[in-house]
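Reminder, nothing fancy here: chain letters follow the sequence lines and each chain counts from 1.
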Amino acid sequence: MQNYLLSLIIFLPLAASLVVVLLPEKNTSWSRKLAIGATAVQCLLVIALLAGYKVSTGDPSSLEGFQFVESVPWFSIDLSALGTLSATYLLGVDGLSIALVVLNAVVMLISTIASYSIKEKVKGYYSLLLLLNGSIMGCFLALDFLLFYLFFEFMLLPMFFLIGIWGGPRREYASIKFFLYTLFGSLLLLIVMIGLYASVMDPVQTGSGSVVHTFNMVYMTDPANLIEGSLLAGGYEFLSIPLRMWGFILLFVGFAIKIPVVPLHTWLPDAHVEAPTPVSVILAGVLLKIGAYGLMRTAYLMFPDGATEYAMWVGILGVISIIYGALNALASKDLKRLVAYSSVSHMGFVLLGLASNTTEGISGALFQLVSHGVISSGLFLIAGVVYDRTHDRLIANYSGLATKMPRYTALTILFFFASLGLPGMSGFIAEVLTVLGAFVSQSVNGLLSRGLAIFAVIGLILSAAYYLWTLQRMYFGPFYYRFSGGDELDDLRRREYVVLLPLAILTLMLGIFPGLLLDLMNSTINQFVQLVNLASNWPG
Amino acid sequence: MNEATIISPEFIEALLMLVLPLAAFLGLNILPQRMAAVSGKLVSLVFLIVFLLSVHLIWMRWGMDTIEYQLTWFYLSGTVHFAAGILLDMKTVIMLVVVSVISLLVSLFSISYMHNDQDERRYFANLGLFVFSMIGIVISNNLLQLFCFWELVGLSSYLLINHWYRTGNPPKAATKAFVVNRVGDAAFLIGIGIAWTMFDSLSLTDLYSGMESSHLEAGIWMAGDKEMPGIWLSVLGICLFLGAAGKSAQFPFQAWLPDAMAGPTPVSALIHAATMVAAGVFLLARVFPLLSLEAMTFIAVTGAITAFMGAVAAMTQNDIKKVLAFSTISQLGYMVMGMGVGAYDASLFHLFTHAFFKAGLFLAAGAVIHAMHDLLKGDHHRDPQDMRNMGGLRKQLPVIFICYVILSLALVGIPFFSGFLSKEAIMSGSFAWADARSGGGMSFYHLVPYTGMVTVALTAYYMGRQVYLVFLGQPATDRVAGKFSLQWLMTAPVVILSLLSIGLIWSFNPLSFQNSWFFTNLIVPVIQVPGYPAGLQPLIVELSENNHLLVFILSSAMIITGLGLAFLRYRNGIPEQNRAGNWFYNLSSGNWWMDNLYYDGVAGPVKYLAGRTYAMDRKVIDSLLNYLVVSGVLFSKMTGWFDRNIVDGLVHLVAAAGKTTGSIFRSVQGGNVQRYVAAAILLMIVLFWLIY
C-alpha cells in the first residue's frame, strides 16, 4: 500500500494557504488561527513520521535506503534519438533529511505563532507563510531533481514578498537583493541539473535499447547509471577543468549562496535586518539549511570526485566564513545584524565539517544544521522582543536591560551561551564534532589540514567575545535607554514565553542527549562518508 | 584499574554529590521571591550533605585502587562513541573533600555576608551551579566530559563575578574572565583533537595506556595504526596546559583574575582562590602521564614566571582583595611549576593547603570589608577595600586578626604551618629537577628554582605589608576606630580554615613534608611518554630527598628578608606616598602592563580588525557583488536599448531595404527573361565571391 504521509506533510500547508486566500477579508483572526492549526497538524504528522522512521536503514545511494517513499510517474516524453525524458513525483526520507523535516516543522510552528506582531495584510501574510512552509518541506523530501528544483525555485516567491511587503524601511532593496542572489544560484543549479539529466539513465527502464533519462536524484548518486560518453561521464573539459569538476563547482556555488558562504553572503545581513522577526526566524532557522542539505544531497553524493578534489578549498571557505562572520558580528552595531553575521560564522562550521568527510565532521555538520536552526530562531526572537517594544535595535542605545527585564535577560543569556557553544547545549556538540572531524581528517583521509581546525577554534573565542560584549553593553550596567525612561520595556509577555521556551528546552535537550538526534542520522552519515570516500569509482 | 561493570555505592555517592548542587541551582531558580531569605540555608544544607558524602567517600576509598565507571554518552557509529563516566582515585576523593568543605564554609559565611542583598537567591543558586560544575571536573573520567564541566565552571564564574551587574565594572570583569578563559579552552580543544586522533578515545585511562604503548620512530609519533609528526606529542601537552593556564591564571592569561575580584568576596574565596583556579592544576595532575619532556619544561618555566610576576604585582596593590588575587596567581604559579618539574605530589599538596589558607584569607578579607562598610557608612569618598583607609583593625576584629596572621604565616611558608610543608616540597622538587636536567653543574634550568626562591621573599614582603596596613599601625580616620562586632557566622568559617592551616593537621612532624599522611598516599604516576628519559623521574626523587636542608636554609633566609623589609618600611605609621614616577611602582601596581597587553595588544587590534572587515564587507564585497548585479541590470538595460534602437533600427532598415530591393526584384520578375537570367548570374557571382 502506498503511504501518503510525506505528500500530506507537503500539501497540507499548501492547501491551507489556498483556504486562507479564500477566507473573507474582514475576519483576519481566522487566517491566523487556520495557519497555526495547519502548522500544528503538520507537526503532528511529522511526529507520526518520526514514530514510523526506522533508524537501521540509510544508504542514500539506493532507494532502499529511503523510507516512506512515494513514487508516481509524472511525465515521460519520447524524444526518439535523444532517448526518453522522464520525471517522477518521488518523495522519500532518510537520515540526511529526517532531522531537517522535524526542524522545519518546529521552526514553522514557532514562527507562525510568533507572527502576532503582523498587523497589516494579515491574510496575505499567512497564506504566503504557509506556501513557504510547503515548498521548504518539498525541498527536503523531494528525490527527483526536477521536483526539488521546482520547490527550490518556488520557495523564492513567498520569501521575496514576505520581506518586500512586511519588512523594515529598506525592505525593497533587501528583498530584491535576496531574490537576485538566490536566482543566480538557482541558475547554476539548473545548468548542472540539465547536464546530469543528459548523463544519467534510469537503470530499471533502460535496457531494451532506448536510453531512459531520469531526474531521479538517487540514481544520480550511482556511477553505474552514467551513460557512457555522456557529458558528465568523464572525458570532457571546459577551460581545461573536467566537466565533472564543473558540476561540483556550479552546484557548490549555487548552494553556497544559500548557506551563505563568504564572500557570497552579503544578501543575508540585509535580508535579516529588514525581514520581520518571524520571517528572520524561518530564514535563519530553515532556509539556510536547504543550502547545506542540497550540497550534501547533490554536490557531495553526485560528484564525490569533486568533493574530495576541492575539499581543502571548501574547508578554507568554511574557516573564512567562521572567522569573517565572527569579526563582522563583533563590529555590528545592530543586534539583528550581529545575529545575522553570527549565522554566517556558525554555518561556516557546517562547511568545515562537510569538507572533512569524516564521521565526526559530517555528524557535526548535520548536528549544527539542526542546532543552529533552533538557536538562531531563538536569537532572532530575542532580538525581536526588544524591537517590538521600541522599534530600535541599536546596541549602543541601550544599557542595563537586565534591571528592567530580568527574565528576558535570563533567556538572552541562555541563547547567547548556547550560540557561543557552551556545553550542555546543542551548539557545543555540533562545534566539537566539527572541530574534531576537521582535525582528524588529515590522519584519516588526508582531505584537510589540521591547521584548519586550529583556525576554526579562533571562531569559538570570537563568538564568546561578541556575545559577552553585547551582554555587557546592552544588558548589564546601569539602566539607560536613549529615547525614553524605558517604561515600554516591560519583561517577557506570555506569548513570548510560548515561542522562546520550547526552543530553549530543545537546545538543552539536544545538548545533554545528543543521541536523540544522532541516532536518527548515524547510519546514513556513515554510508555517506563511505560513498564520498569512494570517489575513485567515478570516471574522469 | 578496575573498571566496574555494575554501579557501586561509591559511584552513586559521587553522582549524588554532583546532582544535589544542580538540584539546588534549579530549585532556587523556581523558588518564589518571597522565600528568598531561606535560599542561603537551603544551599548550605545541600553543601553539608555533599560534604558528609565526600567524607564517607574518602573513608571508603582511602588507600584503595583507582576505580572507574563509564557508560556511553552518544554514538556516532557502531565503533565511534563518546563516553560519560566517573574516575575515583586518591586525588579525586581528597579534592572532593576540599571542594565541599570550602563551599560549605563559604555558603555559611555568605548567609551573613549576602544578607540584605536584593539578589540573594540568584547568588546562592549560582553557587550551587558552581559546585555542580566543579565536582563534575573532579570526577570526570574523560577529557570531553571534563571539558564540558570546565566550561560550565567558566559560566558559573561569569555569573558570580557579574552578580552586581547594575554597575559598570563587574560585567566588564566577567566578560574579560570568560573570554580570556575561552582562549585557553580553545587550545584545550585542540589538545582533545590530538588525543582523539591518536587514541580514538578520550577516556583518561585509555589515554594513559595508549601513550604508554605509543612510540617515536624517526620523528614520527605512532600509536597503533595512527601516526603524527613527533612535534604533536609536545603540542598535546602544551595545548592541555594552555587550557589549564587559562583557568589557573598563568602567564600570559593572568590578567583576568585581579579583575574578577569585582564579584562578592566569598565568591573570590571559593572560586578565584581555592577551587576553580586550582582546577587547572588538577587538570595537569589528570593528564600528567601524557606530558612530554618539552611540555613539562614549558610548564615549569611558565609557572616560575607566573609565580614571580604575581608576587611582584602584589607588592604595591592598595586594594585588600587585589593583594590576595595577585598572591593567588603567584601561588598557582608555584603549583604549575611543581607539576612541570615533576613534583606531582608536592604540587597537589600545595593545591590543597593553599585552598584552605587562601579561602581563609579571602573570607577574613571579606569580614574586614564588611566591617569597613559599616565603619565608613556615610563616607562615600573612601573605598572600604582600600588598605590605606584601614589600619589598627586588630581592635575591632581581634579574632579575624589572629586568624589572618596564622593564615598569612601559612602562605608565607613559616615552619609549623601548612604552607611551609607544601612549598618546601615544591622548592625541593624544583632544585632536584634543575640539578637532574643540568647533569650536575649549573644551567638555565636553575633559573626556575631560584625564581621560586626570590618569590618566597616577595611573598613574605607583601603579606607582611598587608598585615601592617590592615591590622597594625594607626587607624586612617576616626571612623575606622569606631565600634564594630562581627557575626559568628562570619567568624567561624575563618577560624576553621585557620585551624586547617596549621602544620600538625597535615603532618605528624610539622617540619618534614615527607612524614605527611598526605604524601604517603599520593602515588606519583610514572611518565611513559615516548622520548621521556626513563631514569629522570627516579633521579629527581632521589635528589630531592637530599636537598631539604639547603632549601630550608635558603627559604628561611628569604622569608626573614621579606618580612624584615616589610617591617622596616611600614613600622612607623602611614608609609604610602604617591610614587607614580617610579618605574618599579608602575610595573608592579600595573601588573606588568598585562592589561595593556590585553586591551591594546589583543582586544584593540581585534576590534580594529573587526571594524575593517565590517567596512570591507559593506564597501568592497557587497558593492562588488552589487556591481555585478547592477551591471547585470545595466547589461539588460543596454540590451534593451540595443533592442529598441539598433535591432529595431536594423529591422526597419532591413524593411526599408526590402522595399527598395523588392521593387528591383519586382522589376526583375516582371521584366524580360534576359534581364532575369543576367540578374541570376550576377547573384551567383556575388555569392561565389562572398564564399571564396
Would you mind checking which part of [X] comes under 4.5 Å of any heavy atom in chain A, side chain (CB onward), backbone (N, CA, C, O), both or neither?
X        : answer
B:Arg612 : neither
B:Val180 : neither
B:Asp185 : neither
B:Phe149 : neither
B:Met198 : neither
B:Lys226 : neither
B:Trp232 : side chain
B:Thr613 : both

*Are A:Phe417 and B:Phe178 close enough that their ring centers fall under 6.0 Å?*
yes
Can you tell me how far the [atom1] atom of [X] sits from the [atom2] atom of [Y], to the nearest 0.5 Å?
X        : Y        : atom1 : atom2 : result
B:Thr197 : A:Leu436 : OG1   : CG    : 7.5 Å
A:Phe428 : B:Leu152 : CZ    : CG    : 9.0 Å
A:Ile461 : B:Arg182 : CD1   : CZ    : 8.5 Å
B:Ile190 : A:Ile454 : CD1   : CD1   : 5.0 Å
A:Met425 : B:Glu151 : CE    : CD    : 10.5 Å
A:Leu471 : B:Thr175 : CG    : OG1   : 7.0 Å

Where do [X] and [Y] come nearest, in terms of heavy atoms and distance?
X        : Y        : value
B:Ala610 : A:Ala331 : O-CB, 3.4 Å
B:Ser77  : A:Asn526 : CB-ND2, 3.1 Å
A:Ile429 : B:Trp73  : CD1-CH2, 3.8 Å
B:Leu155 : A:Leu422 : CD2-CD2, 3.6 Å
A:Pro478 : B:Gly168 : CD-N, 4.2 Å

Looking at chain B, which one of [options] has the largest number of heavy-atom pairs inside 4.5 Å, strictly under?
options                                : answer
A:Leu468, A:Asn328, A:Asp270           : A:Asn328
A:Met521, A:Arg473, A:His265, A:Gln442 : A:His265
A:Leu330, A:Ile413, A:Leu420           : A:Leu420
A:Pro406, A:Ala329, A:Ser332           : A:Ser332
A:Ala438, A:Ala402, A:Pro269, A:Ala453 : A:Ala402
A:Leu433, A:Leu516, A:Val432           : A:Leu433

Less than 4.5 Å to any heavy atom of chain B: does that hold for the side chain of [X], its backbone, both, or neither?
X        : answer
A:Arg450 : side chain
A:Ile458 : neither
A:Trp469 : both
A:Ser463 : side chain
A:Leu462 : side chain
A:Asn522 : both
A:Phe479 : neither
A:Leu518 : side chain
A:Tyr173 : side chain
A:Ser363 : side chain
A:Glu360 : both

*asked:* As an exercise: rank B:Asn169, B:Ile194, B:Asn29, B:Leu144 by heavy-atom pairs under 4.5 Å with chain A and give me the winner.
replied: B:Ile194
*Check: B:Asp617 and A:Tyr324 side chains under 4.5 Å, non-hydrogen atoms*: yes
*Quick one: do A:Lys177 and B:Asp622 satisfy salt bridge (charged side-chain N to carboxylate O under 4.0 Å, His left out)? Show the steps, please.*
CA-CA 11 Å; A:Lys177 198 170 177 182; B:Asp622 193 31; 2.6 Å; yes
